[in-house]
Amino acid sequence: MRHGKSFESREIVIFGAACSMAIAELTEQFLLAEKAAEPIGQVRVGVHDASRLEWSLSLPLPETKAIAYSLGVEIEIPRNAFVRHVPWERMQAFTRLDGPAFDGAGDDTTIDGFRRGALAMASELARASDGFARHCRLAASLIATASRSELEDALTIWVDAMVHISQNARERLTRATRAEVSELARERTLVDEYISVRLCEALADAERALSNLEQAKSPKTERLAPVLAVVEGRLGEALASELAYRHDHRFDNPDPASSVALEHYLDRSSRLKKHFQEVLFLERDSVQVEQRAYHWIAAFVALLASTWAFVWQLALAKRTSSAQTLSSGLVTLALLAGIVYATKDRIKEIGRDWMTRRVHRVYGAQRITRYRAPARRLPGRDVIVTARESFTQTSTMLPDPLNPEAGATVPVMVLNYEHTGTVVPNAPLLASGVRRVKHVFRYDLSPMFARLDDATKPVPVLDESSRKVRFIDAPRCYRVPLKVEVSVDGQKHDELATLILHKHGLERLERDDDSNTVLADSGIEPV
């Protein structure tokens, strides 16, 4: 099956119907298996950029009853590298709707309708790209029994499906049927460019999967070389056609000979993704428990301290008349009065701290957050998630890992983030195709970089040829243990990892082979 500009309108319709039937047949069994194997909660941890660690949690949107969940993150930082700060100021958090598919048959006459339609197209493209990669992995397995022609047809159908999905979305979302206001016309242009970006990414992912198959040196893959060449040619045709489309419509193209053009392309792609995914974000209403109760606590403690000081003032006033003529008595009274006022201030400070801790224990959190659907999505701004959060930093001594039994200890600061919440069912969102709610947290560790040693250190080595000592620059990295615990509807998972960093920023995340996790991923998907 081939798709090109020479097709007549009738042949295009026939091709689209055949392609849609093939997609449905190829993906039906996979989607059923994926739904059955999909865990009830997914946690992913990784390095977002040079300064921020990121962890995310995907939760299913329930159909009938609410789902309770909890997330705990523990980071152990060496005390000599730790910088005191307010943890909440260093953390960025947001929540958005997610799902394997979104309803693309909604309102196509509003800006939000355009965005949701574009996101539905992006979801279909991702599924087609995943299907292509799955067939590549199947072709490389020893149990694959498909013939060359069957494999070529299957892979080519996935490529044609990607092109067909993008063209179908363009027909529905980018062509105005009547005179429109400038805002709608501008949004249609952005939809067209976003479709192009996602199609290029889907084709690139397919090419990467095909390259991995070609690099798998085995007799089976060598016999498939002619098939892979045909499919790779089809991928090249599709990408060349899309790049020509971008050029005709004056979209930024990724020119390999120009770093500036590549920079502009990546920046534009990032802006488009954020623009369209913004419609999925939930609105957050957060309340700091300490700030809400602070004024009441301060007033109550000030009342107690003032009453205590007033009683002592009355007692000292009675002694003032009898000690008027004695200078030593006046000095004593002055000292006592100073002690009373100093003690009053200490009572206020100690009382505020004690009562603040009691408030945290009563509420079980430092911050209470509600995540609501935006009014333009649900007019009632329904609450989708409620959560209680705490972020603490404590100093402790851990056994020296070099010889724990020797009694030596290592001072560390432990950052502990606790998040406990509930996801409630919402019928309108389920009907629109939403299947998950995704929390994303990013924590900035840059304050500690200034306290780290140089990023490279000279190490003496022996030159085998000259038998002389020479020095090479070796990376000076630090290892920060990390633990993530997740509990969703009674199912618990945990992950142990080590964050590798140096003076210039975060390097990578190494996972512990002994950690009890089946949900971790090697990186963070863009949001």
Side-chain angles (χ1 to χ4, degrees), residues 5 12 16 94-99 101-126 128 162-204 238-255 258 260-284 372-379 381 428-429 432-434 525-527:
K5 295 183 178 179
I12 294 177
F94 49 89
T95 301
R96 66 178 176 87
L97 303 175
D98 199 2
F102 292 92
D103 184 13
D107 185 9
D108 293 339
T109 60
T110 64
I111 290 180
D112 282 355
F114 293 162
R115 293 183 184 182
R116 286 194 287 270
L119 291 171
M121 176 278 311
S123 179
E124 293 176 1
L125 275 179
M162 298 178 201
V163 176
H164 174 70
I165 289 170
S166 62
Q167 291 181 343
N168 184 49
R170 280 181 173 136
E171 288 286 341
R172 185 168 55 87
L173 298 174
T174 66
R175 288 176 171 80
T177 57
R178 66 181 189 280
E180 293 181 333
V181 296
S182 59
E183 291 81 1
L184 292 179
R186 175 61 177 167
E187 193 66 26
R188 288 189 187 276
T189 303
L190 293 177
V191 168
D192 194 8
E193 188 176 0
Y194 179 68
I195 291 172
S196 179
V197 168
R198 296 312 297 260
L199 176 58
C200 290
E201 291 181 353
L203 294 174
L239 183 59
S241 175
E242 187 59 32
L243 292 179
Y245 182 89
R246 294 182 62 85
H247 181 270
D248 294 340
H249 289 74
R250 297 183 179 181
F251 298 152
D252 290 336
N253 258 342
D255 185 0
S258 173
V260 176
L262 293 174
E263 175 187 345
H264 287 172
Y265 175 79
L266 290 177
D267 180 70
R268 185 69 175 179
S269 300
S270 177
R271 289 174 180 269
L272 285 169
K273 289 181 182 179
K274 292 177 181 178
H275 172 78
F276 285 94
Q277 291 183 351
E278 186 269 341
V279 75
L280 301 178
F281 289 116
L282 298 179
E283 297 177 352
R284 185 180 67 183
R372 300 177 179 272
R376 64 175 183 264
R377 187 73 181 266
L378 296 179
R381 298 185 69 243
L429 291 181
S432 67
V434 177
E525 60 185 10
V527 178

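Along the sequence shown, the residues carry numbers beginning at 1. Because only heavy atoms are used, hydrogens play no part in the values below, and waters and symmetry mates are left out as well, while side chains stay in.
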TODO: Look at R377 together with D112 and state whether they make a salt bridge at an N to O cut-off of under 4.0 Å.
DONE: no

TODO: Given side-chain contact (heavy atoms from CB on, under 4.5 Å), test F276 with V191 step by step and report yes or no.
DONE: CA-CA 9 Å; F276 285 94; V191 168; 3.6 Å; yes

TODO: Indicate whether the side chain of T174 and that of R188 have a donor and an acceptor atom separated by less than 3.5 Å.
DONE: no

Open item on the list: Could you check whether R246 pairs with E242 (Lys NZ or Arg NE/NH1/NH2 to Asp/Glu carboxylate O, under 4.0 Å)?
Closed with: no

Task: Spacing of L280 atom CG and L119 atom CG [to the nearest 0.5 Å] - done: 5.0 Å

TODO: Evaluate the side-chain proximity of Y245 to F251: yes if any heavy-atom separation is below 4.5 Å, no if none is.
DONE: yes

Task: Min side-chain heavy-atom separation E278-R96 under 4.5 Å - done: no

Task: Short side-chain donor-acceptor distance under 3.5 Å, E187 and H275 - done: yes

Open item on the list: Do Y194 and M121 make a side-chain contact, defined as non-hydrogen atoms from C-beta onward lying under 4.5 Å apart?
Closed with: yes

Task: Shortest non-hydrogen separation from Y265 to D252 and the atoms involved - done: CD1-O, 3.4 Å

Open item on the list: Just verifying a value: how many Å separate D267 CG and L262 CG, rounded to the nearest 0.5 Å?
Closed with: 12.5 Å

Task: F114 side chain reached by L190 side chain, heavy atoms, under 4.5 Å - done: no

- [ ] Check whether any side-chain heavy atom of N253 lies under 4.5 Å from a side-chain heavy atom of L243, and answer yes or no.
- [x] yes

Open item on the list: Using a 6.0 Å cut-off, check whether atom CZ of R271 has over 12 heavy atoms from anything other than its own residue.
Closed with: no

TODO: State plainly whether the residues E201 and R198 are in salt-bridge range, i.e. N to O under 4.0 Å.
DONE: yes

Open item on the list: Please report the interatomic distance CD(E124) to NE2(H164), rounded to the nearest 0.5 Å.
Closed with: 9.0 Å

Open item on the list: List the residues meeting salt bridge (charged side-chain N to carboxylate O under 4.0 Å, His left out) with E263, not counting sequence neighbours, and say none if there are none.
Closed with: none

Task: Interatomic spacing from CZ in R376 to CG in L378 - rounded to 0.5 Å - done: 11.5 Å

Task: Considering all heavy atoms, the nearest G117-L173 contact - done: C-CD1, 3.6 Å

Open item on the list: Can you confirm whether R372 sits close enough to L282 that some side-chain heavy atom of one is under 4.5 Å from a side-chain heavy atom of the other?
Closed with: no

TODO: With rounding to the nearest 0.5 Å, note down the distance linking CG in D192 to CZ in R170.
DONE: 5.0 Å

Open item on the list: Looking at every heavy atom in both M162 and L203, which two are closest together, and how far apart are they?
Closed with: SD-CD2, 3.9 Å

- [ ] Examine distances only and state if a side-chain atom of S432 and a backbone atom of L429 form a donor-acceptor pair shorter than 3.5 Å.
- [x] yes

- [ ] Over all heavy atoms of both residues, which pair between S166 and L199 is shortest? Give the atoms and the distance, please.
- [x] OG-CD2, 3.4 Å

Task: Pairwise distance CG(L272) to NZ(K274) - rounded to 0.5 angstrom - done: 11.5 Å

